[in-house]
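This report refers to the structure that appears directly beneath it.
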Amino acid sequence: MTVGVLALQGDFREHADVLRALGSDVVLVRRPEELAGVNGLVIPGGESSVMDKLTRMFGLAEPLRAAVTAGLPVYGTCAGLIMLADTVLDGISGQQSIGGLDISVRRNAFGSQTASFETDLDIPALGSPAVHAVFIRAPVVDTVGPRATALATLADGRCVAVEQGNLLGTSFHPEITGEYRFHEYFLKKVHRAGFGS
Amino acid sequence: MTDTTNSEQFGSSRVKRGLAEMLKGGVIMDVVNAEQARIAEDAGAVAVMALERVPADIRSQGGVARMSDPDLIDSIIAEVSIPVMAKARIGHFVEAQVLQALDVDYIDESEVLSPADYVNHIDKWNFTVPFVCGATNLGEALRRITEGAAMIRSKGEAGTGDVSEATKHIRTIKGEIARLSSLTKDELYVAAKELSAPYELVAEIAATGKLPVVLFTAGGVATPADAAMMMQLGADGVFVGSGIFKSGNPQERANAIVKAVAFYDDAKIIAEVSRGLGEAMVGINVSDLAAPHRLSERGW
C-alpha cells in the first residue's frame with residue numbers, strides 16, 4: 001500500500017514517519033506525476049494559503065480534485081482539513097480548496113497563537129482512551145453538510161473532526177503527539193477503497 | 001458524539017513548538033507596513049515578521065533599534081491572516097510582555113535589535129506566546145532552548161544580502177549535531193560542558209540526531225538560490241529580511257523564493273523562478289564589516 005503525503009509545505013515528515021511506522025510505503029508528493037501511483041494521500045498541517053497557492057502554481061490542484069472525485073482516500077490535518085473543505089471561511093483573498101468534504105471550515109477559528117491549546121477528546125469511532133489533541137491556530141468545522149459526518153466536537157459543541165466516504169479531516173494534529181489511531185483509521189479506508197489497484 | 005473530558009491547556013511546549021512545525025518548508029518575510037504584509041501573504045509567506053526598519057536600514061541608519069510601535073504591529077495583524085511575528089530586544093522581557101499583550105503569534109528575541117541586557121536573555125518559559133531565538137552554533141541554540149525558545153534560527157548576518165554567515169552558522173549547527181551522534185555516553189558529559197548546555201538536552205540530541213525544535217535559517221538570504229541552498233544544508237525553512245523589500249521587484253522575488261524553498265532540490269525549478277527578478281538587494285560583504293557592526297555577535 002503506497003500512501004502519498006503532500007510535501008509542498010508543513011509537517012509532512014511527521015505524517016510520513018507515522019505512516020511508515022504503520023507499515024505503509026510513503027511517497028512525498030509535490031508534482032502531478034508523483035500523485036499517479038498512490039493508493040491514498042495525506043495533506044499535512046501547515047499554512048493552507050501557501051499549500052493552495054503552490055498546488056495551483058505547480059499544476060497539482062486539478063489532478064488532486066480529479067483524484068478526490070474518483071474516490072482517492074485523503075486524510076487532511078489542520079491546513080489539510082481546510083484543503084478538503086468544500087467551503088473555506090476567512091481565507092486569504094482568492095484562496096481556494098481542493099474540496100470533497102461537504103463542510104464549511106473556518107480558518108484560524110480560535111485566534112492568535114496564544115489561544116492554541118491541547119485537550120483530550122472522546123472519539124467513539126476510535127474507542128478508548130481519549131485522543132489527546134493539539135490545536136495550533138486551528139480551524140473548526142462551521143457547518144457539517146448532509147453528506148459528511150462529525151467525528152469529534154469540543155465541549156462547546158464545535159466540530160473538529162469529520163469523515164465522508166474515503167475522506168477524513170481533523171482540526172488537530174495526531175502526527176505530532178504519537179497518536180496513531182487516526183492514521184490507522186485512515187489506512188483502513190485506503191485498504192477498503194483499493195484505489196488505483 | 002464527544003465531549004471535552006479535560007480542560008484546555010494553553011502555552012505548553014508542544015503547542016509552542018508545534019506552530020514552528022507547521023511553518024516548516026516555508027518562508028517568513030520581514031515587513032515594515034501593512035502593504036508589505038499583504039504582498040508577503042499574497043506571495044505565499046508562511047508568516048511575516050513585523051518591524052519598523054528592516055535590518056539593512058537599521059544597519060545604515062544606526063542608533064538604538066527597539067521593539068516596533070504597537071500601532072504598526074496592530075495594523076499588520078489586522079491586514080493578514082497568516083502568523084505575525086515581532087522582535088523584542090535580547091533580554092527585554094517587558095517588550096516581550098507587550099508583544100504578548102498585542103497577541104503576536106511568535107516573538108523573535110533578536111540580535112537585529114540593540115540588546116537590552118548583555119548578561120541575561122529573556123526567561124521564555126514565563127510566556128504563553130512562543131519565542132524564536134538566533135544561534136551561531138549548537139551551544140548557543142541549546143542555551144536558548146533551555147531558556148524556553150520553541151524555535152531556533154541560525155543567525156547569519158542580517159541586513160547584508162551576504163549569505164556566507166548564514167551558510168557558516170547552519171553548517172556549524174548541523175556539524176555539531178552530527179558530531180554529538182558519534183560520541184559515546186561518557187564523552188557526552190564533556191560535550192555538554194564544552195557546549196555550556198544541560199547534559200540531558202545534549203544526550204537527547206545525540207540520540208535523535210536533531211534539535212528538539214524546528215531550525216530555520218536567517219541573515220543574508222537574498223535570492224531563490226540562497227534560500228534553496230539553506231534548505232539543502234538542512235534548514236527547516238528560511239527567514240528573509242531585507243532581501244525582499246530592498247530588491248527591485250519584491251512581489252516577484254517573494255514569490256520566487258517561496259517556490260524555491262518548496263522545490264529546493266530541483267535546480268530546473270530554481271532556474272525558472274530565478275529569471276527576470278530584477279535587481280537583488282545591493283548588499284554588503286560581511287568581510288567588509290568591522291566586528292562591532294556584526295549583529296550575529298550579539299547574544300551568547
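Chain naming here is simple, since letters A, B, ... match the order of the sequence lines and numbering starts at 1 in each.
Other residues, nucleotides and ligands contribute only 12 or fewer heavy atoms inside 6.0 Å of the CZ atom of B/Phe93. The 12-atom threshold is not exceeded at NZ of B/Lys210, counting heavy atoms of other residues, nucleotides or ligands nearer than 6.0 Å. The number of heavy atoms from other shown groups lying within 6.0 Å of CD (B/Glu35) does not exceed 12.
There is no contact between B/Ile77 and chain A, counting heavy-atom distances below 4.5 Å. Heavy atoms of A/Thr177 lying under 4.5 Å from chain B belong to its backbone as well as its side chain. With a threshold of 4.5 angstrom between heavy atoms, B/Phe263 approaches chain A through its backbone and through its side chain. At a 4.5 Å heavy-atom cutoff, A/Phe12 makes no contact with chain B through either its backbone or its side chain. A/Ser49 touches chain B through its side chain: at least one heavy atom from C-beta onward sits under 4.5 Å away, while N, CA, C and O do not. Looking at B/Ala45, only its backbone comes within 4.5 Å of chain A, counting heavy atoms on both sides.
Atom-to-atom distance recorded for B/Asp236:CG and A/Asp11:CG is 11.0 Å, nearest 0.5 angstrom. Taking CD of B/Glu41 as the reference point, atom CD of A/Gln95 lies at 8.5 Å (rounded to 0.5 Å). Taken to the nearest 0.5 Å, the CD1 atom of A/Ile92 stands 5.5 Å off from the CG atom of B/Asp42.
Residue with the most contacts toward chain B among A/Gly45, A/Cys78, A/Ser112: A/Ser112 (heavy-atom pairs, distance under 4.5 Å). Contact count versus chain B (heavy atoms, under 4.5 Å) is highest, among A/Ser48, A/Ala115, A/Gly94, for A/Ala115. The residue among B/Ala47, B/Pro83, B/Gly11 with the most heavy atom pairs within less than 4.5 Å of chain A is B/Pro83. Of the listed residues B/Val129, B/Val46, B/Val80, the one with more heavy-atom pairs under 4.5 angstrom with chain A than any other is B/Val46. For chain A, the option among B/Asp103, B/Val27, B/Ile269 with the highest count of heavy-atom pairs below 4.5 Å is B/Asp103. For the set A/Glu47, A/Lys53, A/Glu118, the count of heavy-atom pairs under 4.5 angstrom toward chain B peaks at A/Glu118.
Between B/Val258 and A/Leu54 the shortest side-chain heavy-atom distance falls below 4.5 Å. Side chains of A/His173 and B/Met22 form a contact here, defined as non-hydrogen atoms less than 4.5 Å apart.
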side-chain contact (heavy atoms from CB on, under 4.5 Å) between A/Ile136 and B/Glu21: does it pass, once the steps are laid out? CA-CA 10 Å; A/Ile136 298 169; B/Glu21 298 285 347; over 6 Å; no
Show your working on side-chain contact (heavy atoms from CB on, under 4.5 Å) between B/Leu19 and A/Ser116 and close with a plain yes or no. CA-CA 9 Å; B/Leu19 177 54; A/Ser116 295; over 6 Å; no
Let me see the working for A/Met57 and B/Asn255 under side-chain contact (heavy atoms from CB on, under 4.5 Å), right down to the final yes or no. CA-CA 11 Å; A/Met57 280 175 177; B/Asn255 211 297; 3.1 Å; yes
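The two atoms that bring B/Ser81 and A/Arg137 nearest to each other are O-NH2, 2.6 Å, heavy atoms only. Residue A/Gln9 comes nearest to B/Lys24 through the heavy atom pair NE2-O, 2.9 Å, listed as atom of the first residue, atom of the second, then distance. When all heavy atoms of B/Ala262 and A/Leu8 are compared, the closest pair comes out as CB-O, 3.6 Å. For the residue pair A/Ile176 and B/Gly18, the shortest heavy atom distance occurs at CD1-CA, 4.3 Å.
One finds a salt bridge joining A/Arg31 and B/Asp266 here, because a Lys/Arg side-chain nitrogen approaches an Asp/Glu carboxylate oxygen to under 4.0 Å.
Of the candidates B/Ile107, B/Val15, B/Val104, A/Gln113 forms a side-chain contact (heavy atoms from CB on, under 4.5 Å) with just one, namely B/Val15.
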